[in-house]
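Bear in mind that the values here come from a model prediction, so they are computed numbers and not experimental data. Only this structure's heavy atoms are used, side chains among them; waters, hydrogens and symmetry mates stay out.
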Number of protein chains: 2
Amino acid sequence: MFVSTATNGIDAKGRVSVPAGFRSNVTGGPFDGIYVWPSFDGPWLEGGGQTLMDNYLDMVEAMDPYDEARQALEQSIFGAARTLSFDANGRITLPKDLAEHAGVSNKATFVGLGRRFEIWNPESFEKRATTARAFARENKLKLRRPSRVAEGAS
Amino acid sequence: MFVSTATNGIDAKGRVSVPAGFRSNVTGGPFDGIYVWPSFDGPWLEGGGQTLMDNYLDMVEAMDPYDEARQALEQSIFGAARTLSFDANGRITLPKDLAEHAGVSNKATFVGLGRRFEIWNPESFEKRATTARAFARENKLKLRRPSRVAEGAS
DNA sequence: TGGGATAACATGGGATTTCATGGGAAACAA
DNA sequence: TTGTTTCCCATGAAATCCCATGTTATCCCA
């Protein structure tokens, strides 16, 4: 799973190192790289590996073919996503339009969120992280064990 | 499960031995190590193995995708967590920012709490343990057998 | 049940590898 | 050509691996 947060530099060619911990998460797919698309909630990018895209595909295909939500998801995710391959050193080249959407130029912050991750402008992320932390503290009680008991837990 | 309390030294490289009893709890995961993140309740660290993180992921994904609390929790847990691998002798290297959050430098106290554990500054923990004991004494009557027996718990 | 032998654990330091980053050359497109 | 993209190599810093060692706990056998 994608965990932790790391800020890496973007060089003049638009290249940025994907944190090593993220890379080791996506090996074994049909290509050596990640999927990235603009968030439709705000100025940051969403990303993940083949497994995530497979999950989204399953979810979409479980919906009615003419469900508006289905079409929105199809267009916003599959239509907007890019396959960004790693170079020999584990970097991707961030396309200009994606960089603009996220407002990143010199540095980019990778945030692991379990199954997926986000790419942020470092300053914007810092602001959001501060409020998120307080909010998480106030709302931690919303975390409930799934109704089904986790069997075989160790 | 994680039980007992142990205080181990932190060397100049930031390495600290994870108590052997804790280590034997997390073997068999995708990596040989633990997840650790800063508590959002105070100056100590929270930790656990793959099973705990899987449980958190299940709990978070049971929430509405656009619940602000969900996004806050995702960032505060998965975004803040680190995967700390064991070296050949069962040590982890505590990142500086985590050590600062917990206020540890020379020694760290590992506290087993069943499904997860905490890492404390030894003096701070001693203080809290005193008040926690008193609190437990006052509230011992709240301990009740679960209405439904926990299946498959080990 | 004592006491020596053995294994497990926590700790220290040096050597090696990985990681993030920079720049140049070659392939490609317009 | 001219600008862009991809591949390849170099480098410093940081993290990891490997070996050594004292100490504690456990085992085994008389």
Side-chain angles (χ1 to χ4, degrees), chain A residues 2-27 30-34 36 47 49 82-100 104-112 117 119-122 125, chain B residues 2-27 29-37 45 47 81-100 104-112 117 119-122 125:
Chain A
F2 298 104
V3 295
S4 97
T5 298
T7 299
N8 288 338
I10 305 175
D11 68 16
K13 297 179 181 176
R15 295 179 302 186
V16 55
S17 278
V18 177
F22 287 24
R23 296 202 298 262
S24 57
N25 245 286
V26 297
T27 53
F31 74 106
D32 192 30
I34 54 179
V36 178
R82 311 287 178 80
T83 57
L84 304 181
S85 298
F86 300 141
D87 69 10
N89 295 331
R91 287 177 292 196
I92 56 172
T93 301
L94 212 53
K96 279 199 192 74
D97 55 335
L98 289 186
E100 277 176 22
V104 297
S105 54
N106 294 328
K107 289 175 175 294
T109 299
F110 289 77
V111 187
F117 60 85
I119 303 176
W120 283 74
N121 170 294
F125 175 73
Chain B
F2 299 105
V3 293
S4 97
T5 297
T7 299
N8 287 338
I10 304 176
D11 69 16
K13 294 181 180 176
R15 295 180 300 188
V16 55
S17 277
V18 176
F22 287 26
R23 296 203 298 263
S24 57
N25 244 290
V26 296
T27 52
F31 76 106
D32 192 30
I34 53 179
Y35 292 90
V36 177
W37 66 96
L45 307 176
R82 309 289 178 83
T83 57
L84 304 182
S85 298
F86 299 140
D87 68 11
N89 296 330
R91 287 176 294 194
I92 56 171
T93 301
L94 213 53
K96 277 199 196 74
D97 55 334
L98 290 187
E100 278 175 22
V104 297
S105 53
N106 294 328
K107 288 175 175 295
T109 299
F110 289 77
V111 187
F117 60 86
I119 302 177
W120 282 76
N121 170 296
F125 174 71

Exercise. Could you tell me the separation between the CZ atom of A:R91 and the P atom of D:dT5, rounded to a whole number of Å?
Key: 15 Å
Quiz item: Closest to the A:R15 side chain: C:dA20, D:dC18, D:dC7?
Solution: D:dC7
Self-check item: Value in whole Å for how far the P atom of D:dT5 lies from CG of A:L84
Solution: 13 Å
Quiz item: Has B:R23 got a side-chain N or O lying under 4.0 Å from the OP1 or OP2 atom of C:dA8?
Solution: no
Quiz prompt | Integer-rounded Å distance: C:dA10 C1' and B:F22 CZ | solution = 15 Å
Quiz item: Looking at C:dT11, does its base get a donor-acceptor pair with the side chain of B:N8 below 3.5 Å?
Solution: no
Self-check item: Spacing of B:N89 atom CG relative to C:dG12 atom P, expressed in whole Å
Solution: 12 Å
Quiz item: So what does A:A88 touch, heavy atoms closer than 4.0 Å: a base, only the sugar-phosphate, or nothing?
Solution: nothing
Quiz item: Once you round it to whole Å, what is the distance between P of D:dT6 and CG of A:L94?
Solution: 13 Å
Quiz item: Taking the side chain as C-beta and beyond, is there a heavy-atom pair between A:N89 and A:S17 under 4.5 Å?
Solution: no
Quiz prompt | Nearest-nucleotide 5' precedence on DNA chain D, A:T93 against B:K96 | solution = A:T93
Self-check item: Approximate separation, where rounding is to 0.5 Å, of A:T93 OG1 and A:L84 CG
Solution: 8.0 Å
Quiz item: A:I92 CD1 to D:dC7 C1': how many Å, rounded?
Solution: 17 Å
Quiz item: With a 4.0 Å cut-off on heavy atoms, is B:V18 in touch with a base, just the backbone sugar-phosphate, or nothing at all?
Solution: sugar-phosphate
Quiz item: To the nearest angstrom, how far is B:D87 atom CG from C:dG12 atom C1'?
Solution: 12 Å
Quiz item: Can you check the A:D11 CG to D:dC7 P distance for me, whole Å?
Solution: 15 Å
Exercise. Tell me which nucleotide among C:dG23, C:dG12, C:dT11 gets nearest to the side chain of B:S17.
Key: C:dT11
Practice problem: From the options A:W120, A:F125, A:F117, select the one residue that forms a side chain to side chain contact (heavy atoms under 4.5 Å, CB included) with A:T5. | Solution: A:F125
Quiz item: Are any non-hydrogen side-chain atoms of B:V16 and B:F110 less than 4.5 angstrom apart?
Solution: yes
Quiz item: If you check the A:K13 side chain, which of C:dA20, D:dC8, C:dG24 turns out closest?
Solution: C:dG24
Exercise. Please round to the nearest 0.5 Å and tell me the distance separating atom CZ of A:R82 and atom CG of A:L98.
Key: 4.5 Å
